[in-house]
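This report refers to the structure that appears directly beneath it.
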Amino acid sequence: MGTLPVRSLRHADLNLLTLRILSNREEFDGYAYFSRDAPAGTAADHEIVCVDLDRDPYDPKVLRALSDRTLRANRFRSGYYLNHIFGEPAYLITKGRRSYVFGRHLERTIWPYFVKRVLTDFAVDHKYLHLKAAGFTLDDGSATLLVGPNAGGKTVFLTQACLNGARFLTNTHVLVRDGEAHAVPSAVRLRRSPPQFEQLIEGHGLTPHLESGDFVAAPELLFPGEPRDRGRVRSIVITNYSPDRPQTFERIDPEQAALFLGLFADGVVNYGLKDDLPAHHEGDLTAFTTSLAAMREQLAKLVEGAHCYRANVDMLDPSDRERVLAKLSSNRHRG
């Protein structure tokens, strides 16, 4: 490939690891999804080189010949990146801990695919559990994780807790090991409601999210107090808010919680990475199944050590919010 043009870069701090992103564009929207930069001199754990073919054209035949021979690379070439994220055909080339991607509008690959894959690979290699979860910490530093289906109210629950005394932990991703939750710093996805977010969107010229009508902002811009990097998980809340159903906030047993998290929070399952995980292990079935067993063990430890709840509560209602946060604050650690 020779020397590739690099006109901008960002070295993002993801707490337990760092990710350097380089682009041949002077301005690249893919940087907006990260909220924290790595300290100067830090070595990157992974690097992604994004080459926009509208800025610097390359021969598609050459790129096709160089592309990975994996299912994911085949999907990239068809314009399918991950889950519901599509775009123009792109060419994926992996060289150890460095990934090259050639295409157009490559911001659509950074957060939807690369961040999720890098976090999952890191979790597997270091015996963490990668979860799709939001989270906050309380006064004693303990963590509450929020899980649920899309549009189930996780972001509203998170923002209302953090605007009313809790500290922001994570918006979308968390790495867990032995009951300890480690944040993955990222921008928060916002809609124009509640009203205070409308002012932030307009006043700070926030970057639109990939999803129509949403925007992204650093948590430091939204909430008082510094975000936390870690917390021992004391509570897990499964939230799926609907005003048409009876309001409830009640305990559930760990087995129920594990079943739900296995489907709605497990990173490999939720992000469609089941084909990437065997590729990470270079087709070694024993290594692959050993990783799966370790993830299942971490999930079991997590739910056994936490108070687990299902919630259908209106966190915009002050009395409901106060009641729920008081209950979470009153819990003691299990085990």
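Computed from heavy atoms alone, side chains included, the values below leave out hydrogens, waters and symmetry copies. Numbering starts at 1 and runs along the sequence shown. From a predicted model like this one, the values you see are computed outputs, not experimental measurements.
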Is it true that a side-chain atom of His46 and a backbone atom of Leu19 form a donor plus acceptor pair closer than 3.5 Å?
-> no
dist Thr18:OG1 -> His11:NE2 (nearest 0.5 Å) comes out at 3.0 Å
For the student: nearest non-hydrogen atoms of Pro112 and Ile85, plus distance | CB-CG1, 3.7 Å
is_close_aromatic(Tyr81, Phe86), centroid dist under 6.0 Å | no
Any pair with a residue in residues 284-300 that passes salt bridge (charged side-chain N to carboxylate O under 4.0 Å, His left out), sequence neighbours left out, goes on the list, sorted by first then second residue, please.
-> Glu297-Lys301
Can you check side-chain hydrogen bond (donor to acceptor under 3.5 Å, both in side chains) on Thr248 and Asn312, steps first, answer last?
-> CA-CA 5 Å; Thr248 185; Asn312 185 37; over 6 Å; no
Ring centres of Tyr309 and Phe249 under 6.0 Å apart?
-> yes
Is there a donor-acceptor contact under 3.5 Å linking the side chains of Ser235 and His307?
-> no
Step by step, work out the side chain to side chain contact (heavy atoms under 4.5 Å, CB included) result for Val118 and Leu17.
-> CA-CA 9 Å; Val118 167; Leu17 66 157; 3.6 Å; yes
Under 4.0 Å between a Lys/Arg side-chain N and an Asp/Glu carboxylate O for Asp140 and Arg234?
-> yes
Would you say Asp59 has more than 12 foreign heavy atoms packed within less than 6.0 Å of its CG?
-> yes
Would you say the side-chain atoms of Asp68 pair up with the backbone N or O of Thr94, donor to acceptor, closer than 3.5 Å?
-> yes
Heavy atoms, side chains only, cut-off 4.5 Å: are Gln160 and Leu316 in contact?
-> yes
Ring centroid separation Phe122 to His182 under 6.0 Å = no
So, does Asp52 use its side chain to make a donor-acceptor pair with the main chain of Asp54 at under 3.5 Å?
-> yes
Rounded to the nearest 0.5 angstrom, the CG-CD1 distance for Leu302 and Ile236 is 4.0 Å
Gap separating the CD1 atom of Ile21 from the CD atom of Glu107, nearest 0.5 angstrom = 11.5 Å
Considering all heavy atoms of both residues, which atom of Gln298 and which atom of Val176 are nearest to each other, and what is their separation?
-> OE1-O, 4.1 Å
Within the side chain of Lys154, is there an N or O that forms a donor-acceptor pair under 3.5 Å with the backbone of Gly148?
-> yes
Main-chain N/O of Leu285 paired to Thr289 side chain as donor or acceptor, under 3.5 Å | yes
Is there a donor-acceptor pair under 3.5 Å between the side chain of Arg69 and the backbone N or O of Ser67?
-> yes
For the pair Asp121 and Arg117, find out whether any cationic side-chain nitrogen is under 4.0 Å from an anionic carboxylate oxygen.
-> yes
Euclidean distance, Phe114 CZ relative to Cys50 SG, rounded to 0.5 Å = 6.5 Å
If you group Ile, Leu, Val, Met, Phe, Trp and Tyr by side-chain heavy-atom gaps below 4.5 Å, do Val233 and Leu259 land in one group?
-> no
Would you name the heavy atoms of Ser186 and Pro219 that are closest together and state the gap between them?
-> O-CD, 3.4 Å
Within the distance-only criterion (no hydrogens, no angle test), does the side chain of Arg245 pair as donor or acceptor with the backbone N or O of Asn240 below 3.5 angstrom?
-> yes
Near Glu322 CD, under 6.0 Å, is it more than 12 heavy atoms from other residues, nucleotides or ligands?
-> no
Rounded to the nearest 0.5 Å, what separation is found between the CG atom of Leu106 and the CD atom of Glu88?
-> 9.5 Å
Using the test salt bridge (charged side-chain N to carboxylate O under 4.0 Å, His left out), find all partners of Arg310 that sit at least two apart in sequence or belong to another chain.
-> Glu250
Ignoring hydrogens and angles, tell me if any N or O in the side chain of Tyr100 forms a donor-acceptor pair with the backbone of Ile48 under 3.5 Å.
-> no
Is the closest side-chain donor-acceptor distance between Ser319 and Asp317 under 3.5 Å?
-> yes
Give the cluster check for Tyr271 versus Leu119: same hydrophobic cluster or not, with ILVMFWY residues linked at side-chain heavy-atom distances below 4.5 Å.
-> yes
Side-chain ion pair, Arg7 and Asp56, N-O less than 4.0 Å | yes
Check whether more than 12 heavy atoms from other residues, nucleotides or ligands sit under 6.0 Å from atom CD of Glu26, and answer yes or no.
-> yes
Pairing of Arg230 and Glu180 as salt bridge, 4.0 angstrom limit = yes
When rounded to the nearest 0.5 angstrom, what distance separates CG in Asn24 from CG in Leu4?
-> 8.5 Å
Sidechain N-carboxylate O distance under 4.0 Å for Arg10, Asp37 = yes
Give the C-alpha distance, both sets of side-chain angles, the deciding distance and a yes or no for ring pair (Phe, Tyr, Trp, His ring centres under 6.0 Å) between Phe223 and Phe168.
-> CA-CA 8 Å; Phe223 309 122; Phe168 180 89; 5.8 Å; yes
Minimal heavy-atom distance between Val156 and Thr159, with the atoms involved, is O-OG1, 3.1 Å
Considering only heavy atoms from C-beta outward, does the side chain of Asn164 approach that of Arg321 to under 4.5 Å?
-> yes
Considering non-hydrogen atoms only, spot the tightest contact between Leu277 and Thr120 and give its length.
-> CD1-CG2, 4.5 Å
State, with a plain yes or no, whether a side-chain heavy atom of Arg25 is found less than 4.5 Å away from one of Val51.
-> no
Sidechain-backbone polar pair: Ser8 side chain, Glu27 backbone, donor-acceptor under 3.5 Å = no
Verify the cluster assignment for Tyr113 and Leu71: are they in a single hydrophobic cluster under the rule of side-chain heavy atoms below 4.5 Å apart?
-> no
Short question: side chain of Gln247, backbone of Asp314 - any donor-acceptor pair under 3.5 Å?
-> yes
State whether Asp229 and Arg36 are salt-bridged, where the test is any N-O pair (Lys NZ or Arg NE/NH1/NH2 against Asp/Glu carboxylate O) under 4.0 Å.
-> yes
ILVMFWY cluster, Leu92 and Tyr80 together (side-chain gap under 4.5 Å) = no
Could you pull out the closest heavy-atom pair between Ala183 and Arg228, with the gap in Å?
-> CB-O, 3.7 Å
